[in-house]
> 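Here it is, the structure in full.
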Amino acid sequence: MNRSLLSLAQMNSFAIKAYTPQIMEINSKEDLYNLSTSTLHPTNFYILGEGSNTLFVEEMAPTIIHMALKGIKVEEIDDFYRLTVAAGENWHQLVEFCIENQINGLENLALIPGSVGAAPVQNIGAYGVEFADFCESVTWFDFADKCEKKLTRKDCLFAYRNSVFKQALKHKGVITAVSLLIAKNWQPNLSYAGLNQLPKESINAKAIMAEVIRLRQSKLPDPKELPNAGSFFKNPILSLSRYTELTKKYANVPHYHQKNGDIKVAAAWLIEQAGLKGKRRGNVGIHVNQALVLVNYGNGTGAELFNLARYVQDKVYKKFNIKIEPEVRLISSTGEKSMEEFQHG
Ligand SMILES: Cc1cc2nc3c(=O)[nH]c(=O)nc-3n(C[C@H](O)[C@H](O)[C@H](O)COP(=O)(O)OP(=O)(O)OC[C@H]3O[C@@H](n4cnc5c(N)ncnc54)[C@H](O)[C@@H]3O)c2cc1C
(Lines give C-alpha, C1' and ligand atoms only; values in the text may rest on other atoms or scores of the structure.)
Protein backbone atom coordinates (compact mmCIF):
# COMPACT_ATOMS: atom_id res chain seq x y z
CA MET A 1 0.00 0.00 0.00
CA ASN A 2 1.26 3.46 -0.96
CA ARG A 3 2.44 5.07 2.30
CA SER A 4 1.06 8.46 1.37
CA LEU A 5 -2.50 7.11 1.39
CA LEU A 6 -4.67 7.78 4.44
CA SER A 7 -6.67 5.06 6.15
CA LEU A 8 -10.45 5.47 6.59
CA ALA A 9 -10.85 2.42 8.87
CA GLN A 10 -11.57 4.63 11.91
CA MET A 11 -13.92 6.87 9.95
CA ASN A 12 -16.65 4.38 8.99
CA SER A 13 -18.84 2.26 11.28
CA PHE A 14 -18.33 -0.85 9.08
CA ALA A 15 -14.60 -0.49 9.95
CA ILE A 16 -13.73 -1.12 6.29
CA LYS A 17 -10.04 -0.69 5.55
CA ALA A 18 -10.37 1.77 2.68
CA TYR A 19 -7.86 4.46 1.72
CA THR A 20 -8.01 7.97 0.35
CA PRO A 21 -5.36 10.18 -1.23
CA GLN A 22 -6.47 13.11 0.93
CA ILE A 23 -8.81 14.24 3.68
CA MET A 24 -9.94 17.89 3.51
CA GLU A 25 -10.90 18.74 7.08
CA ILE A 26 -13.58 21.48 7.15
CA ASN A 27 -13.20 23.48 10.37
CA SER A 28 -14.31 26.88 9.07
CA LYS A 29 -16.18 28.55 6.23
CA GLU A 30 -12.74 29.57 4.91
CA ASP A 31 -11.90 25.90 4.40
CA LEU A 32 -14.97 25.58 2.18
CA TYR A 33 -14.12 28.66 0.09
CA ASN A 34 -10.65 27.23 -0.41
CA LEU A 35 -11.81 23.90 -1.92
CA SER A 36 -10.54 23.77 -5.47
CA THR A 37 -12.84 23.33 -8.47
CA SER A 38 -11.00 20.16 -9.54
CA THR A 39 -11.64 18.58 -6.11
CA LEU A 40 -15.33 19.36 -6.48
CA HIS A 41 -15.93 17.30 -9.60
CA PRO A 42 -18.55 14.60 -8.60
CA THR A 43 -16.15 11.70 -9.27
CA ASN A 44 -13.37 13.24 -7.17
CA PHE A 45 -14.86 13.66 -3.69
CA TYR A 46 -17.13 12.27 -1.01
CA ILE A 47 -18.56 14.30 1.89
CA LEU A 48 -18.13 12.34 5.10
CA GLY A 49 -19.67 12.97 8.49
CA GLU A 50 -19.06 10.11 10.91
CA GLY A 51 -19.36 7.33 8.32
CA SER A 52 -22.25 5.51 9.99
CA ASN A 53 -24.28 5.30 6.79
CA THR A 54 -21.40 4.70 4.40
CA LEU A 55 -19.93 1.59 2.79
CA PHE A 56 -16.56 2.00 1.09
CA VAL A 57 -17.08 -0.74 -1.50
CA GLU A 58 -13.62 -0.46 -3.06
CA GLU A 59 -10.24 -0.32 -1.38
CA MET A 60 -9.73 3.21 -2.70
CA ALA A 61 -12.03 6.14 -1.94
CA PRO A 62 -11.92 9.59 -3.55
CA THR A 63 -10.85 12.73 -1.68
CA ILE A 64 -12.76 12.96 1.57
CA ILE A 65 -14.36 16.26 2.60
CA HIS A 66 -14.79 15.76 6.33
CA MET A 67 -17.26 18.07 8.05
CA ALA A 68 -15.87 19.19 11.41
CA LEU A 69 -17.68 22.53 11.91
CA LYS A 70 -18.75 22.89 15.57
CA GLY A 71 -21.19 25.02 17.55
CA ILE A 72 -24.66 25.02 19.10
CA LYS A 73 -26.64 28.25 19.51
CA VAL A 74 -29.92 28.38 21.47
CA GLU A 75 -32.49 31.20 21.13
CA GLU A 76 -35.96 31.56 22.59
CA ILE A 77 -38.62 32.66 20.12
CA ASP A 78 -42.09 32.97 21.65
CA ASP A 79 -43.30 29.41 22.18
CA PHE A 80 -40.24 27.77 20.66
CA TYR A 81 -36.54 27.18 21.17
CA ARG A 82 -34.49 27.66 18.04
CA LEU A 83 -31.28 25.65 17.90
CA THR A 84 -28.72 26.46 15.25
CA VAL A 85 -26.29 23.57 15.14
CA ALA A 86 -23.14 23.18 13.05
CA ALA A 87 -22.82 20.16 10.73
CA GLY A 88 -19.87 18.59 12.56
CA GLU A 89 -21.65 18.22 15.91
CA ASN A 90 -22.59 14.70 16.96
CA TRP A 91 -26.34 14.01 16.73
CA HIS A 92 -26.72 12.00 19.94
CA GLN A 93 -24.71 14.53 21.94
CA LEU A 94 -27.06 17.22 20.64
CA VAL A 95 -30.06 15.20 21.87
CA GLU A 96 -28.41 14.80 25.30
CA PHE A 97 -27.54 18.52 25.43
CA CYS A 98 -31.19 19.39 24.75
CA ILE A 99 -32.64 17.05 27.37
CA GLU A 100 -30.09 18.20 29.99
CA ASN A 101 -31.21 21.79 29.31
CA GLN A 102 -34.95 20.95 29.47
CA ILE A 103 -35.37 21.48 25.73
CA ASN A 104 -37.59 18.47 25.18
CA GLY A 105 -38.66 16.90 21.91
CA LEU A 106 -35.69 15.10 20.35
CA GLU A 107 -35.67 12.23 22.89
CA ASN A 108 -37.12 9.63 20.46
CA LEU A 109 -34.14 10.28 18.18
CA ALA A 110 -31.53 9.45 20.85
CA LEU A 111 -28.56 7.23 20.06
CA ILE A 112 -28.82 7.53 16.27
CA PRO A 113 -25.16 7.54 15.29
CA GLY A 114 -23.64 10.21 13.08
CA SER A 115 -23.27 13.92 12.57
CA VAL A 116 -25.84 16.71 12.61
CA GLY A 117 -24.96 17.60 8.99
CA ALA A 118 -25.95 14.14 7.76
CA ALA A 119 -29.27 14.12 9.63
CA PRO A 120 -31.24 16.01 6.93
CA VAL A 121 -29.67 13.99 4.09
CA GLN A 122 -31.71 10.88 4.74
CA ASN A 123 -34.15 12.59 7.15
CA ILE A 124 -33.13 10.36 10.07
CA GLY A 125 -35.98 8.82 11.96
CA ALA A 126 -36.80 6.42 14.76
CA TYR A 127 -39.56 5.62 17.26
CA GLY A 128 -42.26 7.52 15.37
CA VAL A 129 -40.30 10.78 14.95
CA GLU A 130 -38.10 12.12 12.17
CA PHE A 131 -35.68 15.00 11.64
CA ALA A 132 -38.19 16.84 9.43
CA ASP A 133 -40.58 17.20 12.39
CA PHE A 134 -38.18 19.76 13.95
CA CYS A 135 -36.41 21.25 10.95
CA GLU A 136 -36.88 24.98 10.39
CA SER A 137 -34.13 25.33 7.79
CA VAL A 138 -30.85 23.88 6.54
CA THR A 139 -27.85 26.06 5.74
CA TRP A 140 -26.17 24.95 2.54
CA PHE A 141 -22.83 25.97 1.03
CA ASP A 142 -23.23 25.95 -2.74
CA PHE A 143 -20.04 24.84 -4.52
CA ALA A 144 -20.83 26.69 -7.77
CA ASP A 145 -21.70 30.09 -6.22
CA LYS A 146 -19.33 29.67 -3.27
CA CYS A 147 -21.94 31.10 -0.94
CA GLU A 148 -24.27 29.93 1.81
CA LYS A 149 -28.03 29.61 1.25
CA LYS A 150 -30.88 28.77 3.55
CA LEU A 151 -33.30 26.06 2.54
CA THR A 152 -36.62 26.00 4.35
CA ARG A 153 -38.07 22.69 5.50
CA LYS A 154 -40.30 22.75 2.41
CA ASP A 155 -37.30 23.26 0.10
CA CYS A 156 -35.65 20.16 1.62
CA LEU A 157 -38.36 17.85 0.17
CA PHE A 158 -38.15 15.51 3.14
CA ALA A 159 -39.61 12.03 2.74
CA TYR A 160 -38.92 8.58 4.20
CA ARG A 161 -35.08 8.33 4.23
CA ASN A 162 -34.96 10.91 1.47
CA SER A 163 -34.48 14.61 0.80
CA VAL A 164 -33.36 17.05 -1.88
CA PHE A 165 -29.77 16.50 -0.65
CA LYS A 166 -29.85 12.91 -1.98
CA GLN A 167 -31.49 14.03 -5.22
CA ALA A 168 -31.22 17.37 -7.05
CA LEU A 169 -28.55 18.82 -4.72
CA LYS A 170 -26.30 15.75 -4.61
CA HIS A 171 -22.65 16.74 -5.29
CA LYS A 172 -23.66 20.41 -5.58
CA GLY A 173 -22.72 21.59 -2.10
CA VAL A 174 -22.57 20.75 1.55
CA ILE A 175 -24.73 21.25 4.64
CA THR A 176 -22.98 23.56 7.10
CA ALA A 177 -25.67 23.89 9.77
CA VAL A 178 -29.26 23.07 10.63
CA SER A 179 -31.85 25.13 12.44
CA LEU A 180 -34.37 23.28 14.62
CA LEU A 181 -37.57 24.63 16.13
CA ILE A 182 -38.59 22.82 19.31
CA ALA A 183 -41.92 23.67 20.96
CA LYS A 184 -41.78 24.71 24.63
CA ASN A 185 -45.13 23.02 25.11
CA TRP A 186 -43.67 19.50 25.09
CA GLN A 187 -45.89 16.57 24.17
CA PRO A 188 -44.50 13.03 24.48
CA ASN A 189 -44.63 10.86 21.38
CA LEU A 190 -45.32 7.33 22.55
CA SER A 191 -46.93 6.10 19.35
CA TYR A 192 -44.21 3.58 18.65
CA ALA A 193 -44.63 0.07 20.07
CA GLY A 194 -42.28 -0.38 23.00
CA LEU A 195 -42.58 3.16 24.29
CA ASN A 196 -46.25 2.73 25.23
CA GLN A 197 -45.12 0.35 28.01
CA LEU A 198 -43.67 3.24 30.03
CA PRO A 199 -45.52 3.86 33.34
CA LYS A 200 -47.83 6.84 32.66
CA GLU A 201 -47.03 8.64 35.96
CA SER A 202 -43.28 8.85 35.27
CA ILE A 203 -43.35 10.03 31.66
CA ASN A 204 -40.87 12.79 30.96
CA ALA A 205 -38.40 13.43 28.16
CA LYS A 206 -35.44 12.08 30.15
CA ALA A 207 -37.26 8.80 30.88
CA ILE A 208 -38.26 8.43 27.23
CA MET A 209 -34.67 9.05 26.13
CA ALA A 210 -33.43 6.40 28.60
CA GLU A 211 -36.02 3.93 27.30
CA VAL A 212 -35.15 4.64 23.66
CA ILE A 213 -31.47 4.06 24.48
CA ARG A 214 -32.30 0.83 26.34
CA LEU A 215 -34.46 -0.48 23.49
CA ARG A 216 -31.90 0.43 20.83
CA GLN A 217 -29.05 -1.18 22.76
CA SER A 218 -31.10 -4.35 23.24
CA LYS A 219 -31.93 -4.59 19.54
CA LEU A 220 -29.00 -3.25 17.54
CA PRO A 221 -25.37 -4.36 17.62
CA ASP A 222 -22.93 -1.65 18.77
CA PRO A 223 -20.72 -0.80 15.76
CA LYS A 224 -17.72 -0.56 18.12
CA GLU A 225 -18.16 -4.25 19.00
CA LEU A 226 -19.59 -5.56 15.74
CA PRO A 227 -19.08 -3.08 12.90
CA ASN A 228 -22.30 -2.26 11.02
CA ALA A 229 -24.23 0.67 9.59
CA GLY A 230 -27.65 0.05 11.14
CA SER A 231 -30.37 -0.85 8.65
CA PHE A 232 -28.69 -1.65 5.37
CA PHE A 233 -31.92 -1.54 3.34
CA LYS A 234 -34.89 0.82 3.33
CA ASN A 235 -38.38 -0.54 3.91
CA PRO A 236 -39.96 -0.81 0.45
CA ILE A 237 -43.07 1.28 -0.20
CA LEU A 238 -45.76 -0.47 -2.23
CA SER A 239 -48.92 0.78 -3.91
CA LEU A 240 -52.13 -0.43 -2.26
CA SER A 241 -52.84 -2.78 -5.19
CA ARG A 242 -49.34 -4.29 -5.07
CA TYR A 243 -49.62 -4.71 -1.30
CA THR A 244 -53.05 -6.36 -1.62
CA GLU A 245 -51.58 -8.80 -4.13
CA LEU A 246 -48.73 -9.60 -1.70
CA THR A 247 -51.11 -10.30 1.18
CA LYS A 248 -52.93 -12.96 -0.89
CA LYS A 249 -49.87 -15.13 -0.35
CA TYR A 250 -48.39 -13.55 2.81
CA ALA A 251 -51.28 -12.36 4.97
CA ASN A 252 -49.12 -11.47 7.98
CA VAL A 253 -46.54 -9.15 6.37
CA PRO A 254 -45.74 -6.33 8.84
CA HIS A 255 -46.72 -3.02 7.27
CA TYR A 256 -47.30 0.67 7.96
CA HIS A 257 -49.86 2.84 6.17
CA GLN A 258 -48.50 6.00 4.54
CA LYS A 259 -50.35 9.31 4.36
CA ASN A 260 -50.71 9.05 0.56
CA GLY A 261 -52.32 5.59 0.70
CA ASP A 262 -49.16 3.60 -0.10
CA ILE A 263 -47.99 0.84 2.24
CA LYS A 264 -44.50 0.51 3.72
CA VAL A 265 -43.49 -3.10 4.23
CA ALA A 266 -40.87 -4.29 6.76
CA ALA A 267 -37.71 -5.17 4.81
CA ALA A 268 -36.40 -7.11 7.84
CA TRP A 269 -39.39 -9.45 7.60
CA LEU A 270 -38.85 -10.00 3.86
CA ILE A 271 -35.18 -10.85 4.47
CA GLU A 272 -36.04 -13.16 7.34
CA GLN A 273 -38.70 -14.95 5.27
CA ALA A 274 -36.12 -15.40 2.51
CA GLY A 275 -34.18 -17.48 5.08
CA LEU A 276 -31.26 -15.09 5.39
CA LYS A 277 -31.32 -13.94 9.04
CA GLY A 278 -28.07 -14.93 10.75
CA LYS A 279 -26.48 -16.12 7.50
CA ARG A 280 -22.71 -15.69 7.43
CA ARG A 281 -20.50 -15.50 4.37
CA GLY A 282 -16.82 -15.51 5.24
CA ASN A 283 -15.96 -12.31 7.09
CA VAL A 284 -19.39 -10.72 6.77
CA GLY A 285 -22.98 -11.66 7.49
CA ILE A 286 -26.56 -10.80 8.33
CA HIS A 287 -27.02 -10.18 12.04
CA VAL A 288 -28.48 -13.09 14.00
CA ASN A 289 -31.22 -10.97 15.61
CA GLN A 290 -31.65 -8.14 13.07
CA ALA A 291 -32.14 -9.26 9.48
CA LEU A 292 -31.83 -5.67 8.24
CA VAL A 293 -28.34 -5.22 9.66
CA LEU A 294 -25.30 -6.44 7.72
CA VAL A 295 -22.19 -6.87 9.86
CA ASN A 296 -18.44 -7.09 9.43
CA TYR A 297 -17.14 -9.91 11.64
CA GLY A 298 -13.56 -8.72 11.44
CA ASN A 299 -11.54 -8.45 8.29
CA GLY A 300 -14.46 -8.06 5.92
CA THR A 301 -13.95 -5.91 2.85
CA GLY A 302 -16.34 -3.45 1.26
CA ALA A 303 -16.64 -5.77 -1.75
CA GLU A 304 -17.66 -8.70 0.48
CA LEU A 305 -20.36 -6.58 2.12
CA PHE A 306 -21.53 -5.29 -1.25
CA ASN A 307 -21.77 -8.84 -2.65
CA LEU A 308 -23.71 -9.93 0.42
CA ALA A 309 -26.10 -6.99 -0.04
CA ARG A 310 -26.64 -7.96 -3.68
CA TYR A 311 -27.28 -11.55 -2.64
CA VAL A 312 -29.90 -10.39 -0.12
CA GLN A 313 -31.49 -8.11 -2.72
CA ASP A 314 -31.65 -10.95 -5.28
CA LYS A 315 -33.09 -13.49 -2.82
CA VAL A 316 -35.82 -11.10 -1.66
CA TYR A 317 -36.64 -10.20 -5.25
CA LYS A 318 -36.93 -13.84 -6.29
CA LYS A 319 -39.23 -14.67 -3.38
CA PHE A 320 -41.47 -11.61 -3.29
CA ASN A 321 -40.88 -9.78 -6.58
CA ILE A 322 -39.97 -6.71 -4.47
CA LYS A 323 -36.71 -4.85 -4.98
CA ILE A 324 -35.26 -3.62 -1.71
CA GLU A 325 -32.95 -0.61 -2.06
CA PRO A 326 -29.95 0.19 0.16
CA GLU A 327 -30.22 2.96 2.72
CA VAL A 328 -26.42 2.91 3.13
CA ARG A 329 -24.42 5.05 0.68
CA LEU A 330 -22.14 2.97 -1.58
CA ILE A 331 -18.79 4.61 -2.31
CA SER A 332 -16.31 3.69 -5.05
CA SER A 333 -12.93 5.18 -5.89
CA THR A 334 -14.84 7.58 -8.14
CA GLY A 335 -17.52 8.66 -5.69
CA GLU A 336 -20.99 7.47 -4.82
CA LYS A 337 -22.67 4.83 -7.01
CA SER A 338 -25.96 2.96 -7.03
CA MET A 339 -26.05 -0.82 -6.73
CA GLU A 340 -26.77 -1.10 -10.45
CA GLU A 341 -23.83 1.17 -11.35
CA PHE A 342 -21.47 -1.10 -9.39
CA GLN A 343 -22.88 -4.19 -11.09
CA HIS A 344 -22.53 -2.80 -14.59
CA GLY A 345 -19.04 -1.43 -14.07
C1 LIG B 1 -26.05 1.20 14.76
C2 LIG B 1 -26.71 2.19 13.82
C3 LIG B 1 -28.04 2.52 14.00
C4 LIG B 1 -28.66 3.43 13.13
N5 LIG B 1 -29.98 3.75 13.35
C6 LIG B 1 -30.59 4.66 12.55
C7 LIG B 1 -31.94 5.05 12.81
O8 LIG B 1 -32.58 4.60 13.76
N9 LIG B 1 -32.51 5.94 11.97
C10 LIG B 1 -31.83 6.49 10.92
O11 LIG B 1 -32.41 7.30 10.19
N12 LIG B 1 -30.54 6.14 10.67
C13 LIG B 1 -29.91 5.25 11.45
N14 LIG B 1 -28.61 4.89 11.20
C15 LIG B 1 -27.90 5.50 10.05
C16 LIG B 1 -27.05 6.74 10.45
O17 LIG B 1 -27.02 6.90 11.83
C18 LIG B 1 -27.62 8.01 9.82
O19 LIG B 1 -27.77 7.88 8.43
C20 LIG B 1 -26.75 9.24 10.11
O21 LIG B 1 -27.42 10.41 9.75
C22 LIG B 1 -25.41 9.15 9.40
O23 LIG B 1 -24.59 10.21 9.87
P24 LIG B 1 -23.05 10.23 9.47
O25 LIG B 1 -22.50 11.54 9.87
O26 LIG B 1 -22.38 9.03 10.03
O27 LIG B 1 -23.18 10.12 7.88
P28 LIG B 1 -22.12 9.60 6.81
O29 LIG B 1 -22.20 8.11 6.72
O30 LIG B 1 -20.81 10.21 7.03
O31 LIG B 1 -22.80 10.21 5.49
C32 LIG B 1 -24.09 9.80 5.10
C33 LIG B 1 -24.55 10.62 3.88
O34 LIG B 1 -24.69 11.99 4.23
C35 LIG B 1 -23.81 12.79 3.42
N36 LIG B 1 -23.34 13.87 4.28
C37 LIG B 1 -22.74 13.76 5.49
N38 LIG B 1 -22.51 14.98 6.01
C39 LIG B 1 -22.96 15.88 5.10
C40 LIG B 1 -22.99 17.30 5.04
N41 LIG B 1 -22.53 18.06 6.04
N42 LIG B 1 -23.51 17.88 3.93
C43 LIG B 1 -24.01 17.13 2.91
N44 LIG B 1 -24.01 15.79 2.90
C45 LIG B 1 -23.49 15.18 3.99
C46 LIG B 1 -22.74 11.86 2.93
O47 LIG B 1 -22.13 12.34 1.74
C48 LIG B 1 -23.56 10.58 2.74
O49 LIG B 1 -24.29 10.64 1.52
C50 LIG B 1 -27.94 4.00 12.05
C51 LIG B 1 -26.58 3.67 11.89
C52 LIG B 1 -25.97 2.77 12.75
C53 LIG B 1 -24.51 2.46 12.59
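Remember, it's 1-based here, ligands and their atoms both numbered in the order they're listed. All values reported here derive from a predicted model rather than from experimental measurement.
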> So is Arg216 in contact with ligand 1, going by heavy-atom distances below 4.0 Å?
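Yes, Arg216 has a heavy atom closer than 4.0 Å to ligand 1.
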
> Show which atoms of ligand 1 fall inside a sub-4.0 Å distance from at least one heavy-atom site of Gly51.
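Reading through ligand 1 atom by atom, the close ones are 24 (P), 26 (O), 28 (P), 29 (O), 30 (O).
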
> Can you tell me if Tyr46 contacts ligand 1 (heavy atom of the residue under 4.0 Å from the ligand)?
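Right, Tyr46 reaches ligand 1.
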
> Treating Glu211 as the side-chain partner and Leu198 as the backbone partner, does any N or O pair qualify as donor plus acceptor under 3.5 Å?
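Side chain of Glu211 to backbone of Leu198, a donor-acceptor pair under 3.5 Å: no, none is there.
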
> Would you mind writing out the side-chain donor-acceptor pairs for residues 123-136 within the sub-3.5 Å range, not counting sequence neighbours?
{"from": "Asn123", "atom 1": "OD1", "to": "Phe131", "atom 2": "N", "distance (Å)": "3.3"}
{"from": "Asn123", "atom 1": "OD1", "to": "Ala132", "atom 2": "N", "distance (Å)": "3.0"}
{"from": "Asn123", "atom 1": "ND2", "to": "Glu130", "atom 2": "OE1", "distance (Å)": "3.3"}
{"from": "Asn123", "atom 1": "ND2", "to": "Glu130", "atom 2": "OE2", "distance (Å)": "3.4"}
{"from": "Asn123", "atom 1": "ND2", "to": "Ala159", "atom 2": "O", "distance (Å)": "3.0"}
{"from": "Asp133", "atom 1": "OD2", "to": "Glu130", "atom 2": "N", "distance (Å)": "2.9"}
{"from": "Glu136", "atom 1": "OE1", "to": "Arg82", "atom 2": "NE", "distance (Å)": "2.7"}
{"from": "Glu136", "atom 1": "OE1", "to": "Ser179", "atom 2": "OG", "distance (Å)": "2.7"}
{"from": "Glu136", "atom 1": "OE2", "to": "Arg82", "atom 2": "NH2", "distance (Å)": "2.9"}

> Quick one: which ligand 1 atoms are inside 4.0 Å of a heavy atom on Ala229?
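Counting atoms of ligand 1 from 1, those under 4.0 Å from Ala229 are 51 (C), 52 (C), 53 (C).
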
> Does the N or O separation between Ser52 and ligand 1 drop below 3.5 Å for any pair?
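Looking only at distances, the answer is yes, because the N/O contact criterion of under 3.5 Å is met.
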
> Out of all atoms in ligand 1, which are within 4.0 Å of some heavy atom of Met67? Include the element for each.
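With Met67 as reference, the close atoms of ligand 1 come out as 41 (N).
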
> Less than 6.0 Å separating the ring centroids of Tyr19 and Phe56?
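Between Phe56 and Tyr19, which both carry aromatic rings, the centre distance is not below 6.0 Å.
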
> So is there a nitrogen or oxygen of Ile47 less than 3.5 Å from a nitrogen or oxygen in ligand 1?
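N/O-N/O distance below 3.5 Å exists for this pair.
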
> Do Ile64 and Ile26 belong to the same hydrophobic cluster, where Ile, Leu, Val, Met, Phe, Trp and Tyr are linked whenever their side-chain heavy atoms lie under 4.5 Å apart, directly or via other members?
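No, Ile64 does not connect to Ile26 through the hydrophobic network.
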
> When you measure from the heavy atoms of Lys166 to every atom of ligand 1, does any distance fall below 4.0 Å?
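Contact check Lys166 vs ligand 1: negative.
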
> Based purely on interatomic distance, does Ser13 place a nitrogen or oxygen under 3.5 Å from a nitrogen or oxygen of ligand 1?
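No; the residue has no nitrogen or oxygen that sits under 3.5 Å from a nitrogen or oxygen of the ligand.
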
> Is there a polar contact, in the sense of an N or O pair closer than 3.5 Å, between Ile112 and ligand 1?
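It does not: no N or O of Ile112 is found under 3.5 Å from an N or O of ligand 1.
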
> Listed by chain and number, what are the side-chain contact (heavy atoms from CB on, under 4.5 Å) partners of Asn196, not counting sequence neighbours?
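If we apply the side-chain contact (heavy atoms from CB on, under 4.5 Å) test to Asn196, skipping adjacent residues, there are no hits.
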
> Can you confirm whether Lys170 is buried at NZ, in the sense that more than 12 heavy atoms of other residues, nucleotides or ligands lie under 6.0 Å from that atom?
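More than 12 heavy atoms, drawn from other residues, nucleotides or ligands, come within 6.0 Å of this atom.
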
